[in-house]
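See structure below.
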Amino acid sequence: MENELSKLNIPRDTYLKLVEKYVSEESRKHLFYTEAAMRALARYFSEDEHTWAMAGLLHDIDYEQITGKENWEAHIKEHCGELTEKFLKEIDFPDDLIRAIQSHNEVQNIPRDSKLAKTLFAVDGLTGFIVAVSKIMPDKQISSVKVESVIKRFKEKRFAAAVNREHIFTCETELGIPKEKFVEIVLGAMGNV
Ligand SMILES: [Fe+2]
Ligand SMILES: [Fe+2]
């Protein structure tokens, strides 16, 4: 089942301030990439671009405020939990969109019952994966990464092993986009960040 979600009217600046409050400069890049990818995918699906982009921008807002990755079990349990809700309520983020964001961490057991939630889940790992591919390019630029090289690297288990390919491949099973097309859209969006 897919639910219609609230539409955001608050400008990006307000959300960016929240990011600046809780996320260090070096970790913001992942948020900006995810924002750009979500905006491009909203356009592809004819959904609300601003709402999707802001969900991408804020999806890991709690990441540096919870237990660090040195205690992975605690980290993954806390990610997308109470603090995400608390921070997003500071800027009056609607409840349904908070839940959609929280659902990208499977551990929270929140159903991904909207197209936005499904897209965020599939896109999250892919942005990290594409960054990993860019790092092995001679010039280390996202714009030098080709769709085919991303697809090829998916099959290499030891490459960016932390990224769960199955999550990315839900673009096919949950969203009906072939992975080549999905990578093309996300890659194009990330190249403009
Ligand atoms: Fe996350
Ligand atoms: Fe993320």
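Treat the numbers as computed from the prediction; the structure is a model and nothing was measured. In each ligand, atom 1 is the first atom listed, and ligand 1 is the first ligand listed.
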**Q.** Basic-acidic side-chain contact under 4.0 Å: Arg99, Glu85
**A.** no
**Q.** Set of residues satisfying side chain to side chain contact (heavy atoms under 4.5 Å, CB included) with respect to Ala37, sequence neighbours excluded
**A.** Val123, Thr127, Val186
Q.
Counting the benzene-type ring for Trp, do His75 and Tyr63 have ring centres under 6.0 Å apart?
A. yes
**Q.** Proximity of Phe93 and Phe87 rings by center, below 6.0 Å
**A.** no
Q: Report the distance from atom NE2 of His79 to atom NE2 of His59, rounding to the nearest 0.5 Å.
A: 6.5 Å
Q. Between Phe154 and Phe169, is the gap from one ring center to the other below 6.0 Å?
A. yes
Q) Ignoring water, what protein N, O or S atoms are under 2.8 Å from the Fe ion (ligand 1)? A) Asp60 OD1, His79 NE2, His104 NE2
